[in-house]
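Down below is the structure, laid out as structure tokens.
Heavy-atom basis, side chains included; hydrogens, waters and symmetry copies ignored. For ligands, and for the atoms within them, numbers begin at 1 and follow the listed sequence. Please read these numbers as outputs of a predicted model, since none were measured by experiment.
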Amino acid sequence: MNALPSSAAFSRTAPLVDPFGRAVTYIRVSVTDRCDFRCVYCMSEDMTFLPKRDVLTLEEIDRLCSAFIEVGTRKIRITGGEPLVRRGIMTLFRSLSRHLQSGRLEELTLTTNGSQLARFAGELADCGVKRVNVSLDTLDPRRFKAITRWGDFDQVLAGIDAAQKARLAIKINVVALKGVNDDEFGDIVAWAHGCGIDVSFIEVMPLGEIEAARFDQYLPLTHVRAGLAERFGLEDITYRTGGPARYARVRETGGLVGFITPLTHNFCEGCNRVRITCTGTLYMCLGQEDCADLREPLRSSEADDRLYAALQSAIARKPKGHDFVIDRNTQRPAVARHMSVTGG
Ligand code: SAM
Ligand code: SF4
């Protein structure tokens with residue numbers, strides 16, 4: 001981590017623009033590293049979680065998000081770990097909703113495993129959340145148990161149902177796992193689109209040490225797409241989010257399928273986002289180790305000057321892109337931290 005430059009070197013709240021001219025307008029904020037599932041590609045069964053004192057309070061997260069909004073953030077995605085297992089999490093959504101009401105924030109969303117959605121969907125909608133991403137890798141309850149280890153399939157389906165009743169738009173995220181769920185992608189698309197839900201497929205990324213070898217799990221999405229194209233007509237569309245997803249419309253259903261391909265297709269050129277861990281560490285790129293500590297400037301002063309200086313200094317170091325590799329010769333993760341730490 002670099003030392004902070006003097007705050008005088010920066011216009012305090014100038015919009016965040018990186019050295020490649022990319023404006024940072026989207027933040028993903030992990031509110032906890034804990035989770036009620038133990039998905040095989042994400043965590044080991046026996047995880048050691050962070051001590052509570054290291055984790056930002058909800059008030060500190062609100063302050064951090066508000067500072068980002070001050071310097072141009074228009075979209076916030078709350079993630080984790082499982083964001084909805086964090087105690088009191090609705091107070092954060094409730095307080096951030098003031099920025100939606102003022103129009104300074106365009107979108108507040110979350111990525112969730114769905115286990116707690118039945119409890120919280122109504123309140124999320126009430127706070128101005130319009131869309132949620134729900135991770136669901138299979139429609140088979142036994143497989144679901146094998147993938148998530150601790151998850152309950154019916155609870156997630158009840159959560160999806162509650163989210164629909166609360167009129168939240170839903171996108172299902174499916175991690176493509178070789179030999180695990182690769183025979184049901186077409187069925188997942190047909191089911192989801194039948195319910196008015198979009199689907200994105202994700203390649204396994206080499207993040208963190210887990211029990212299984214990555215190469216065994218890795219399935220390039222070119223294969224997923226080719227399989228879907230045997231069953232459906234796929235029309236490429238230009239819709240982009242600034243992220244790694246490319247989208248196709250399924251002719252038969254009218255629904256969208258996204259392909260999130262950090263490995264087979266480099267997506268960094270349009271990157272508009274950064275990630276913040278629940279300890280206030282800012283990662284300028286999901287696939288690189290360089291980071292900036294925002295907790296220290298947050299906790300050292302009630303004024304935000306040092307925080308803004310830290311933000312500007314970090315974005316000045318945002319790298320051009322990542323260099324993920326999964327192959328037989330590369331068995332170590334590209335970065336040691338788990339996805340549940342950085343926030344998906
Ligand atoms: N717990 C929430 C969930 O599962 O949706 C939010 C956090 S989770 C880390 C966010 C997303 O990252 C999920 O869609 C999950 O499937 C995905 N993910 C986790 N580890 C991954 C990995 N190693 N490669 C690719 N995707 C991963
Ligand atoms: Fe938990 Fe999400 Fe990771 Fe699964 S993918 S273990 S639900 S954080």
Side-chain angles (χ1 to χ4, degrees), residues 28-47 49-50 77-86 89 109-117 120 131-138 143-153 155-156 159-160 163 170-178 180-181 188 198-221 224 243-245 258-264 267 273 275-278 283 286-287 322 324-326 332-344:
R28 292 197 172 201
V29 184
S30 172
V31 293
T32 179
D33 62 332
R34 288 158 203 257
C35 186
D36 51 348
F37 291 5
R38 289 289 180 280
C39 301
V40 289
Y41 48 78
C42 177
M43 291 193 181
S44 59
E45 187 145 28
D46 179 24
M47 293 287 287
F49 293 109
L50 295 160
R77 177 173 295 279
I78 302 294
T79 180
E82 174 47 42
L84 297 183
V85 301
R86 169 112 194 219
I89 188 64
T109 56
L110 76 155
T111 303
T112 172
N113 64 24
S115 70
Q116 309 300 316
L117 260 184
F120 291 126
R131 304 190 299 133
V132 291
N133 285 8
V134 181
S135 304
L136 182 65
D137 303 323
T138 177
R143 242 180 220 185
F144 183 81
K145 185 60 98 186
I147 295 170
T148 62
R149 291 192 184 110
W150 297 1
D152 182 293
F153 183 74
Q155 203 176 325
V156 172
I160 291 173
I170 301 171
K171 192 176 77 173
I172 298 283
N173 283 346
V174 182
V175 177
L177 298 163
K178 188 161 70 183
V180 177
N181 61 356
I188 293 174
D198 292 329
V199 181
S200 280
F201 292 94
I202 309 177
E203 283 171 345
V204 170
M205 288 177 263
L207 304 174
E209 296 283 1
I210 52 162
E211 289 94 342
R214 296 284 177 198
F215 189 78
D216 294 342
Q217 298 177 333
Y218 175 53
L219 181 65
L221 291 194
V224 177
F259 299 94
I260 303 179
T261 55
L263 290 132
T264 51
F267 53 81
R273 62 198 56 196
R275 293 175 158 81
I276 301 139
T277 71
C278 60
Y283 282 98
L286 178 63
H322 66 69
F324 286 147
V325 178
I326 294 185
R332 303 218 28 94
V335 290
R337 61 191 191 274
H338 290 87
M339 187 75 154
S340 55
V341 173
T342 325

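The V175 neighbourhood of ligand 1 comprises atoms 16 (O), 26 (N), with distances under 4.0 Å to a heavy atom of that residue. Using a 4.0 Å cut-off to heavy atoms of G81, the atoms of ligand 1 that qualify are 1 (N), 2 (C), 6 (C), 7 (C). Taking every non-hydrogen atom of E203 and a distance limit under 4.0 Å, the qualifying atoms of ligand 1 come out as 24 (N), 25 (C). Atoms of ligand 2 lying under 4.0 Å from any heavy atom of G81, numbered from 1 in the order shown and given with element: 8 (S). Listed by number with element, the atoms of ligand 1 under 4.0 angstrom from any heavy atom of V204 are 24 (N), 25 (C). Counting atoms of ligand 2 from 1 in the listed order, those under 4.0 Å from a heavy atom of C39 are 4 (Fe), 5 (S), 6 (S), 7 (S). Close contacts of ligand 1 with C42, meaning ligand atoms under 4.0 Å from a residue heavy atom, involve 19 (C), 20 (N).
Considering backbone and side-chain atoms alike, T79 places every N or O at 3.5 Å or more from each N or O of ligand 1. Remark: ligand 1 and E82 share an N or O pair separated by less than 3.5 Å (distance only, no angle test). Taking only nitrogen or oxygen atoms, main chain and side chain alike, T112 reaches within less than 3.5 Å of ligand 1.
Residues F153 and T138 share a closest heavy-atom pair of CE1-O, 3.5 Å.
In this structure, V156 and F144 have side chains that are in contact, with non-hydrogen atoms separated by less than 4.5 Å. Two residues are said to be in side-chain contact when any heavy atoms from C-beta on lie closer than 4.5 Å; V199 and V174 meet this criterion. Between V134 and L117 there is a side-chain heavy-atom pair separated by less than 4.5 Å. The shortest distance between side-chain heavy atoms of V204 and L219 does not fall below 4.5 Å. Residues T32 and E82 are not in side-chain contact: their nearest non-hydrogen atoms beyond the backbone lie 4.5 Å or more apart.
Side-chain contact annotation: N113 with S115, donor-acceptor N/O pair under 3.5 Å present.
Under the 3.5 Å distance criterion, the side-chain polar atoms of R34 are matched with a main-chain donor or acceptor of L50.
For C35, every heavy-atom contact with ligand 2 shorter than 4.0 Å involves the side chain, none the backbone. With a heavy-atom cut-off of 4.0 Å, N173 touches ligand 1 through its side chain alone. Here N133 has no heavy atoms under 4.0 Å from ligand 1, in either its backbone or its side chain.
For G80, the closest heavy-atom approach to ligand 2 does not fall below 4.0 Å.
A search for side chain to side chain contact (heavy atoms under 4.5 Å, CB included) contacts involving T109 returns R77, E107, R131, not counting sequence neighbours.
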